Participant: 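I am attaching a structure below and will ask some questions about it afterwards.
Each chain gets a letter, A, B and so on, in the order the sequences are listed, and its residues count up from 1. This structure is a prediction, so every number in the text was calculated from the model and none was measured.
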Amino acid sequence: MNDVVNSTAVHAAGVDITDLRKSYGSNEVLKGINLTVKPGEVVCLIGPSGSGKSTLLRCVNLLEQPNQGSIHVGGFEATDPDVDIDRMRRKVGMVFQQFNLFPHLNALRNCSIAQTKVLKRSQAEADKVSLHNLERVGLGHLADRFPDQLSGGQQQRVAIARALSMNPELMLFDEPTSALDPETVGDVLSVMRNLAKEGMTMLVVTHEMGFAREVADRVVFMDGGVVVEEGVAEQVIGSPAQPRTKEFLRRVLDPTHIEIEE
Amino acid sequence: MAMTARQRARVSLYVQAAIFVVAIAALVLATDWKTMATNVFNFGKIGPMFPDIFLVGLKNTLIYTFLGFVVGLSGGLLLALMKLSSFPLYRWIATGYIEFFRGIPALLVFIAFGYGVPLAFGVQWNVTIIVMISLGIVASAYIAETLRAGLQAVPKGQLEAARSLGMPQWRAMVTIVIPQAFKIVLPPLTNEVILLTKDSSLIYVLGLTASQYELTKFGRDGISSLGAGLTPLLVAGAFYLVVTIPLSLLARKFESRSARTKR
């Protein structure tokens with residue numbers, strides 16, 4: 001039991017995405033994506049809204065069904081029609097933009113419910129793991145609060161603790177700070193930073209360029225359903241090679257800048 | 001003489017009140033109070049209804065309603081899930097069932113199960129079973145629509161979060177979605193119970209023995225045996241209110257509670 005509590009991402013899974021395509025009707029949102037995340041690596045997906053980065057992330061744990069291509073996650077081939085999707089998802093933690101905490105359960109139960117129902121841990125063991133992870137995100141003292149009694153930043157940290165309580169080998173973050181009040185963004189980012197330091201494999205869709213630059217091993221810039229540019233964070237954000245990347249970063253880093261075309 | 005808007009509103013209010021008082025007075029004057037005293041408000045003669053209307057009638061009404069509700073809730077949940085299924089055949093079956101049983105009078109269902117089914121299959125069912133099935137079948141059609149709306153009111157992210165934690169679809173529904181949906185539908189569900197309480201009176205079309213009488217049958221029986229005119233029905237009606245008004249208050253309480261907190 002102590003193994004479960006004390007292990008922090010000892011097993012890390014990688015992701016391998018090959019020629020991934022996804023359409024909604026006639027609208028193709030992913031136009032052949034190739035992307036690799038090595039075990040223990042932190043990759044940030046950046047790009048304008050509608051570029052397909054959230055869809056790509058959601059394809060990795062099959063919240064969206066790809067039309068074509070292959071995705072390998074850990075030992076699973078997600079795109080295999082016979083894949084045990086529930087078994088695969090236990091290995092993959094997901095953090096949503098809107099938190100999606102279960103409003104009828106307190107923070108502790110939010111973290112323990114899937115442990116008892118899916119991993120068949122005893123309630124006592126699950127509670128111990130949950131409390132450990134709530135402490136990890138700095139919320140051990142609020143374990144008995146319900147989601148509507150927590151701030152957005154606190155809710156998102158509970159959501160991270162909930163995902164961690166399943167001992168995932170990979171964490172997916174879908175714009176985890178986009179719905180937060182500015183003053184609570186920092187707490188969530190620092191939890192994610194610690195997680196990265198502990199060696200967790202992370203795939204993060206984000207608009208936080210400072211975070212991407214500091215924490216990501218690699219940054220992938222997407223636009224119009226394709227990967228436009230990828231590389232180490234310093235290079236992609238610091239000195240992008242592609243004009244589209246430059247344009248995007250200029251808009252994001254200096255939102256008040258208005259260019260008047262002559 | 002010009003009036004301000006406020007004065008006009010006040011005059012209008014006085015006129016409405018006057019019309020109301022005149023209408024009541026006209027009703028009172030037009031009523032044949034002597035006949036009413038012997039045929040509607042003849043409470044002196046209803047003594048024999050007690051205590052059986054309470055011990056048998058009310059008890060049976062509550063039992064029939066409860067059984068019908070249990071069947072209706074289980075069937076309604078099944079139908080609601082079928083209606084939301086990705087498998088078209090389930091959706092068609094559920095839609096057909098709901099439209100059919102919401103579209104015909106409940107009385108016909110009682111007759112079908114009280115007389116039609118025994119004829120068709122040569123079986124003789126106990127009255128309690130017939131009421132349970134008939135009420136349950138009608139109730140499930142209504143409850144299904146209520147539950148479907150409740151299930152759809154739970155944000156999609158809840159199911160996604162549960163599935164992302166490795167819960168199979170059924171587990172995510174049972175543990176995460178359905179408990180939240182039930183909280184949402186508690187007020188309309190309570191109203192379903194009120195409708196069901198009244199629909200249990202339709203049992204009168206079946207042949208009942210005295211121990212199977214519920215409130216309405218008790219009232220109808222009293223009309224022919226007590227010589228107090230319609231008074232027994234008035235008493236039966238009062239007993240329905242004893243059940244339905246608290247339920248109505250309960251529904252309102254659920255409503256205000258869910259408005260106060262999402263939990």
Participant: Okay, side chain of B/Q158, backbone of A/L101: is any donor-acceptor separation there less than 3.5 Å?
Facilitator: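 Answer holds: yes.
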Participant: Heavy-atom count around B/K83 NZ within 6.0 Å, excluding the residue itself: above 12?
Facilitator: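 Yes, the 6.0 Å shell around NZ holds more than 12 heavy atoms from other groups.
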Participant: With A/D174, which residues qualify under salt bridge (Lys or Arg N to Asp or Glu O under 4.0 Å), at least two apart?
Facilitator: none
Participant: Thinking salt bridges, do B/R163 and A/D86 make one under a 4.0 Å N-O criterion?
Facilitator: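 Looking at B/R163 and A/D86, the cut-off is met.
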Participant: Using every non-hydrogen atom in the two residues, find where B/I176 and A/H104 come nearest and quote the distance to one decimal.
Facilitator: O-CE1, 3.7 Å
Participant: Return the CD1 to CZ distance between A/I113 and B/R171, rounded to the nearest 0.5 Å.
Facilitator: 7.5 Å
Participant: Which answer fits A/F96, side chain, backbone, both or neither, if we ask what part of it has an atom under 4.5 Å from a heavy atom of chain B?
Facilitator: side chain
Participant: Heavy-atom distance under 4.5 Å to chain A: side chain of B/A172, backbone, both or neither?
Facilitator: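 Neither part.
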Participant: For atom CZ of B/F182, is the number of surrounding heavy atoms from other residues, nucleotides or ligands below 6.0 Å larger than 12?
Facilitator: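 It does: B/F182 CZ has more than 12 such atoms within range.
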Participant: Just verifying a value: how many Å separate B/L165 CG and A/R162 CZ, rounded to the nearest 0.5 Å?
Facilitator: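 Reported to 0.5 Å precision, the distance equals 5.5 Å.
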Participant: Check whether more than 12 heavy atoms from other residues, nucleotides or ligands sit under 6.0 Å from atom CZ of B/F121, and answer yes or no.
Facilitator: no
Participant: Taking atom OH of B/Y97 as the centre, does the number of heavy atoms from other residues, nucleotides or ligands within less than 6.0 Å exceed 12?
Facilitator: yes
Participant: Would you indicate whether B/R91, at its atom CZ, is surrounded by more than 12 heavy atoms from other residues, nucleotides or ligands within a distance under 6.0 Å?
Facilitator: yes
Participant: Taking all non-hydrogen atoms of both residues into account, name the closest pair between A/P103 and B/Q180 and its distance.
Facilitator: CG-OE1, 3.2 Å
Participant: Would you say that more than 12 heavy atoms from the other residues, nucleotides or ligands in this model lie under 6.0 Å from the CZ of A/R87, or not?
Facilitator: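 Result for CZ/A/R87: open.
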Participant: Which residues in residues 57-83 of chain A have any heavy atom lying under 4.5 Å from a heavy atom of chain B?
Facilitator: A/R58, A/N61, A/L63
Participant: What part of A/V92 is in contact with chain B, defined as an atom under 4.5 angstrom from a non-hydrogen atom: side chain, backbone, both or neither?
Facilitator: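 Contact with chain B is through the backbone of A/V92 alone.
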